[in-house]
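Structure first, then comments.
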Amino acid sequence: MNVLNKKDMKQTIICLYYFILFSFSLSLGGCLSQESSTPSGGAVSTTADLGFSGITSAENQNGSTVKISWTAATNSSVTGYRIYEVLPDSSLVAVGQTTSAVTFYYHLGLAANTSHTYRVRAINASNQTDTNTVEKTAYTYSGITSATATGTTTATVSFPATGSNKSGVRVYATARGTTSLVATGLNTSTSANITGLKAGTTYTFSVKSYDFSNAEDTNITEASVQTTPTWIGRYQGPILVKAYGDAPGAPSGTPQTKQVSVTWAPFTSAVGTTAYTLVRVLRGNSIDLTTTTSCTSATDTSCRVCTATGSTAQTCIDTNVGAPPKVYDYMVTLNTNSWPEEAPASNNEYRITVPIPPDNMVLVHRDSANYEACTVMGRTPDPLNHQRCAISGASMIAATPYNTGPNKPPLNLPTGYYDFGYNVFFDRWEAGCNWTPQASGGMCGAGATAGNCFGTGTPANTIGVDGNIFYSTDASNCSIKVAGAWVITNASTLSSASRAATYTIQPSTSYRRPPLVAMTQPRAWETCQAIEDANYGKKRLPRNREWRAAAAWQTLTGEPEAITEGAAVTLENGNSGATTHTTLGYCNTSNHVSIAAAAFNTTELAGDTGDAVRSFVIGSSGTRNCVSRYGVQDMVGNVLEWTSDNLMLVDYANRIYNGIQSLSDNGNGYSAGFDMNGFNFDNTLGPNGMDSVNTCNANTGFAATTDPPGAGGGIGTVAKSTTNVCYSRRDASTWVTGASATAAELTTMHALSSWMYQIATLGGTTAATGWGAAYFNYAMGLPMMSSDNSNSPTVSTLSTKLHGDYIFVNFHQSISVRYLASGGNWGSGTTAGRWYSWWISSSTSTSSSTGIRCVLPAE
């Protein structure tokens, strides 16, 4: 076993240090291959011509190390090389020895600013050496000691003085493969201020001494520093991020393959010549904003998506993306004179993270949702915090989510901000009934022979086979045959597998898929949960706050293909001209009721000839322009869409409701301040649910003049007191208020079956004129009273965004929970829109105009 002495051990440690410090691929071998730190060669017995030309160079490395190099001897008898330092008296001191395979040696531990002269001689097995006298000298100048960026184009470098035996120093800077002389100094200089550098650029500096013959020292010491990027203080973040999954059945002219579109706000002080570069990298990887590599679908390292120039918002579209679950980080940089500025070392807040959606889904992006909401509310988005904005008061209800889905961990987002909270995938189309064509095994002809599985009425059990799915064109029911019998999708007994089979979001012009409707909110939830993505898990119904964000029109300045609010209203209300549905492209509202349907599957309408159903099939060209800013089609006007939100009627007499935790999604309305929980339809937060003139069914010819009412009135008589409290005569001596009335008494006391509110109509007390609400909760899309102390945006300032959409709340005293469907349907006319809400009163309520759309949190 070989044992290193203390000197050898020290030498080994020093060698390892320099090997790690300078990453010399061969330094370690050359350093450790010596026989010892001071070879014991002694006097040689003879000399010989060993075909060796001697030392070729002695190069200072860092002020304490010299690298000595030579060319291998031509004589095959050479067994090694002995390295000598030549002392001032010309005597030789052996400092190292190597084997014949090594042609360099590192002389370590030298004093800084000293000269050292070397010879190298070959040796053979007989201890003979060659007689060459070639010498090389190195001066141990340590070079640069530090570099500090002092601005966007300046830096300071420090170094030791060279001493009087040198003439001075030269400072070099290397950036992106180019080295330049950037400063000089005297032999007494110890620092230099560097100017004229490029912003946002990493420079590697070195300092070389030079002698009076102008020969430069060879030290390899370097220090790197990045000048401050100018774009950091000017960055304004993304306006809109859109991402599409593959959708081969999408209408012509809309994206059919996966892609990402990034639109960013112009940097502060942008002018017409301001140039940008958008770079992509796999999420979390280091990013090189200077790359010129083009992106492919297989590229995970840094690649350039595009460049853009201008003073306004810019958009780049990346069509070379990988399949889900790929997640990319995008980053924008300034590009000055073809010199892109680099990213700062800590750059997470500048990354725009974009997951690629599954097929037939699109991304609702957190930063984009925040930007839209904050901009419309008149708040300032924060580009370094996902474009969130500060808000307070009752607007905080639903401003931040509790979690991303049922039983998911809490997000613990900071309070005091509107923050959408996470990325979420939306079905690009409303869910469709996946009826079975004959070509796919449909056996819905007479006697269960081959045939397409659609028709009028309820299918007889004598047609179809197990697994076939049937669509009724007049009732809009979707049924699947199970164990020899047809079962509609609203049946609670339907298994998850059967439920999943009835659902599709794949548009087709060959076999048109009508909306999957006629289900209650609980069955709609179960249907979404039956669909499980291999990467992202089970789908679910969207939450109200998610649905409102996803349904936004592209009306903000800088959005690609932005439209005016007037144009959005036109889309919502449909085209009033005489035209066929195949050339419309609008949302499907009451203007379309008169369209005559052809035979089902030869038209884009979901009904058949003579049917009352006038919804469009999913992915139709007839509503191809009825698309939100994220690419979600038909969120308005085709069919109502279930969300997972619920309300609780707590005071029927005064029309007071409280938001509650969703009956399906235990992360929706989880506690006060999240989603619907804590929102009251009363004078405190929500619009006044009770107007005594209109909601107290006071009997004709009788009005109470005292409180409680005095004598008079027969059993069942309803009276309104002088203080606007509604009473019912229970018996000869008892009047009761709504708080103690029976269900039958409440029915008699209140004439209205529903409460209706038209957003953006201020003041008034009648059903369609506003109920006095003056403020608006943007996250939930619900009006509020003025008790928010001006922390919420006013309805008046948002009136152009609200489009006069309606909110309906049904009243049935025996049922306390309300179930939210949004957007309006084909019969809603001008009341349909992004803020349209229908709080349906029954868990068993179904409609041919209420369908579903599912979502997946992108995590």
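Keep in mind that the numbers below use all heavy atoms, side chains included, and drop hydrogens, waters and symmetry copies. Computed from a predicted model, the values in this text were never measured in an experiment.
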For [X] and [Y], indicate whether the former's side chain and the latter's backbone hold a donor-acceptor pair under 3.5 Å.
X: W547; Y: S644; answer: no
X: Y417; Y: S392; answer: no
X: S628; Y: A550; answer: yes
X: D359; Y: A247; answer: no
X: R234; Y: W231; answer: no
X: N777; Y: I397; answer: yes
X: D805; Y: W835; answer: yes
X: H365; Y: T353; answer: yes
X: Q521; Y: N646; answer: no
X: Q256; Y: A250; answer: yes

Any salt bridge between [X] and [Y], counting N to O under 4.0 Å?
X: R543; Y: D665; result: yes
X: E559; Y: K242; result: no
X: R853; Y: D634; result: no
X: R351; Y: D329; result: yes
X: R834; Y: E372; result: yes
X: D246; Y: K258; result: yes

Exercise for the section: Establish, for the pair R366 and F420, whether the NZ or CZ atom is under 6.0 angstrom from the six-membered ring centre and no further than 45 degrees off its axis. Expected result: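 Here R366 fails the 6.0 Å and 45° test against F420.
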Any side-chain donor near an acceptor of the partner, [X] and [Y], under 3.5 Å:
X: N370; Y: D419; value: yes
X: S822; Y: R548; value: yes
X: S664; Y: S662; value: no
X: T831; Y: S828; value: no
X: Q506; Y: W429; value: no
X: D367; Y: H386; value: yes
X: Q387; Y: Y418; value: no
X: D645; Y: N544; value: no

Problem - Heavy-atom pair of closest approach, residues P507 and N360 - result: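 Smallest interatomic distance, heavy atoms only, reads CD-OD1, 3.7 Å.
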Handout entry: Smallest separation among heavy atoms of N573 and T830, with atom names
Key =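 The pair with the smallest heavy-atom distance is OD1-CA, 3.4 Å.
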Practice task
Identify the residue among Y371, Y276, Y235 that makes a ring-ring contact (aromatic ring centres under 6.0 Å, His included) with W264.
Solution key: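 When ring-ring contact (aromatic ring centres under 6.0 Å, His included) is applied between W264 and each of Y371, Y276, Y235, only Y276 qualifies.
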Within this structure, what is the [atom1]-[atom2] distance for the pair [X] and [Y], rounded to the nearest 0.5 Å?
X: R624; Y: T254; atom1: CZ; atom2: OG1; result: 9.5 Å
X: T509; Y: E604; atom1: OG1; atom2: CD; result: 9.0 Å
X: I852; Y: T643; atom1: CD1; atom2: OG1; result: 12.5 Å
X: T375; Y: I239; atom1: OG1; atom2: CD1; result: 8.0 Å

Exercise for the section: Begin with the C-alpha distance, continue with both residues' side-chain angles, and end with the deciding distance and a verdict on side chain to side chain contact (heavy atoms under 4.5 Å, CB included) for V362 and F425. Expected result: CA-CA 5 Å; V362 297; F425 300 127; over 6 Å; no
Problem - side-chain hydrogen bond (donor to acceptor under 3.5 Å, both in side chains) evaluation trace for E565 with T555 - result: CA-CA 6 Å; E565 293 296 340; T555 57; 3.1 Å; yes
Practice task
Would you please test L516 and E430 for side chain to side chain contact (heavy atoms under 4.5 Å, CB included) and show each step?
Solution key: CA-CA 8 Å; L516 187 59; E430 290 156 335; over 6 Å; no
Exercise for the section: Measure from the ring center of W826 to the ring center of F616 and say whether it is less than 6.0 Å. Expected result: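 No: the rings miss the under 6.0 Å criterion.
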